[in-house]
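Reckoned from all heavy atoms, side chains included, excluding hydrogens, waters and symmetry mates.
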Amino acid sequence: MGKKRSAILITLLTLVIVALCFISTVSFSYGPNGMYQFNSLLRTTTKDADVGGAYGASGYKGGGYSVTYYPEGVITAKDYQDSLELKTGDARDEYADSYVPYLGGTLYLDKEDVCGGGDEPTEEFKQSFENTLKILEARYAHLRVDGTELSVTDDYTVRVFLPEMMDAKGVAFTVNAYTGEFHVRYGSSADSADEILPALRKKTINDYFDKAYTRTGADGTVYIALQFTAEGRDVLAEETQNANTMYFMVGDNQVIPLTISEAVDSKTLYISGSYTAETASIYANVINTVMKADDPADTLKLTVSDTLVYKALYGGNTLTALYIAFGVCFVAMMVFFFVRYRRLGFVHLYTYLIFTLIMIVCVYAIPFLYLSVETFIAFLFLSLLLSVCNAVTFEYARKEYALGKTMASSVKEGYKKCFWHIFDLHIVIAVLSFIMFGIGLTNLHMVAFILGLGTVFSGLACLGLNRLTWAAMMSFTTNKGGFCNFQREVVDDDD
C-alpha cells in the first residue's frame, strides 16, 4: 500500500475512533447557564439493576418487582383470618367450615371448589392448575427478558419476578393472569354484548381465528394485528353490520376493544391505541397462548397479589467498578502488545478500539441489549478472543520473517497459515451463541446474542481490519523488522 493511501486510511480511522470515542463516552452541559445536556451513548444506554439501580431481588443480580398468582379457591392465611374476623355467628362458622388449612395453615383451600368436599385438592383441580401453569410459563417465556423468573410456591401458587428494566411490568402482571377461552363479542358493552365467535356457528375459535401479532408503522405507531381465517372473515362481515364495538375476550376479561362504524370485511385487523412494542406483544401473546393451549377452558381464574419491590443487591458504584476493571484490563493488554511488538501494538490498538466502539453502539441501539455484569463478562471474553487472535497472526508472521522472508511476504504467509484456524474458531463460537439465543433461555438470551454478534465483529476485525491497518502503518517505515520487533534467525558458522 502506497504512503498516500496509507495516510488517508490512517487519518480516516483516527477520525472515526475519535468521533466514536467522543459520542460514546463524553457527556457535558452547554447553552445559557448549562441549560442543555449532551449525553454520551454509555450514559443513555439502558442499565440493569446490577450496575447501580435502586432495585434488586434474591436469586437475580438485578432487581425489580414480583407478584404471586393465587388460583380461584386458594387464599393466604392472612386473607382467611381477615375475612373470618369480619363475620359473626353462623356466618363465621359457615365460612370457617368452607375452607381447609393447607401446608400447616400457609394457605387455605376452598373445601368444595378445590378439595371436592375433602381435605386435599382433587385430581381435577391439580390438572386445571397444571394447564394454567403451562399457559403462564409460555407467556413469561415469550417476554424474553433477562432476569424473568417464574416458580411454583406452596404447591398451588405461582410467583413471578420481572426486572426493573422492563417498562411494561404492570401490564404483564395483570394481562398474563387472564385465563379461559378466546372469543369475540359484539355490542354496546362487554357484559351485554353477544358472542359472535365462535358461538354463532357452533365451532371452535380455531376455525375462525389464526393468530395475533404486532406491527410498527412508519410513523412509529404500534399495532396489534388479529388475523382471521377465510371463514372467520365471512362471519365478521355478516355479524358486524351496524356501528358498535367488538370485544376480544379471554375468559371474562376484555383484552382488546375495537369500535367500528361499518361491517368488518378484512382478514386482518390492525388495532392501534396507546400501545408500546412491549404492551402490544403482551396482549398478542396472551391470545396466542390461549389458542395454542390443549384445553384453555380447563384453567383456573387467577388473583394477582400486591406487587413487591426488591432493592438492588449491588451498591451504586458497580458501574464505576466495571469501568475501572475495563481500564485495568485494557492497560494490561496494551502493555503486553507494545512490549512484545513495539509499534505494531498501534495496529492492535486501532483494531481493538474500533471493535469496542462498535459494540458500544450496538448495545445502545439494539432495544433488548443493556449494560449489566453479564454484558461486561461477555465483552471481556470477546476482548480476549480478539487479542489472542491478533497475537496469533503476529506470531505466525514473526516466524515467517525469522526464516528470511520479506515483511510483506511474512504477513501474507502468516495470515494464510492461521486464517482457517481463526475463521473456524469464530464460526463455531458464533453459531453456538446464536443457537443458544434462538433457544430463548431467558437468563442467557442477551449474553448469547452479544457473544454471537461480537464474535462476528471480532472475526472481521482480526482477519480484515487488523491486516489492513498493519499494511497501512508499515508503509511509513523502512525498518520493517524494527517496527514489529521481529528478528531474523542467526545461524552460527562453525567452519
Distance in Å, I135 CD1 paired with T179 OG1, rounded so as to fall on 0.5 Å steps: 7.5 Å
Gap between atom OG1 of T469 and atom OH of Y350 - 0.5 Å precision: 9.0 Å
Other residues, nucleotides, ligands: >12 heavy atoms within 6.0 Å of D295 CG: yes
Heavy-atom neighbours of F326 CZ exceed 12 at 6.0 Å: yes
Results of side-chain contact (heavy atoms from CB on, under 4.5 Å) for T268 - residues two or more places apart only: Y213, A225, Q227, Y270
Listed once per pair and sorted, the ring pair (Phe, Tyr, Trp, His ring centres under 6.0 Å) pairs that draw on residues 446-476, sequence neighbours left out: F368-F449, F394-W470, F437-F449
Contact summary for I224 and A280, nearest pair of heavy atoms: CG1-CB, 3.8 Å
Test item: S458 side-chain N/O and G454 main-chain N/O as donor-acceptor pair under 3.5 Å: no
Centroid-centroid under 6.0 Å between Y341 and F483 rings: no
Please name all residues satisfying side chain to side chain donor-acceptor pair (under 3.5 Å) with [X], sequence neighbours left out, ordered by chain then number.
X    : result
N253 : none
Y364 : none
S383 : Y352
T45  : none

Whether F248 and F182 hold their rings parallel, tilted or perpendicular, with breakpoints at 30° and 60°: parallel
Partner residues of [X] under the salt bridge (charged side-chain N to carboxylate O under 4.0 Å, His left out) criterion, sequence neighbours left out:
X    : result
E395 : R340, R398
K417 : E400
R139 : none
R342 : none

K399 to Y396 six-membered ring, cation-pi geometry met (6.0 Å, 45°): yes
Any residue meeting ring-ring contact (aromatic ring centres under 6.0 Å, His included) with F419, in chain and number order, not counting sequence neighbours: F423
Pairing residues for F228 by the ring-ring contact (aromatic ring centres under 6.0 Å, His included) criterion, not counting sequence neighbours: F209
Side chains of L344 and N485 in contact at under 4.5 Å (non-hydrogen atoms): no
Close side-chain approach of R343 to T477, heavy-atom, < 4.5 Å: yes
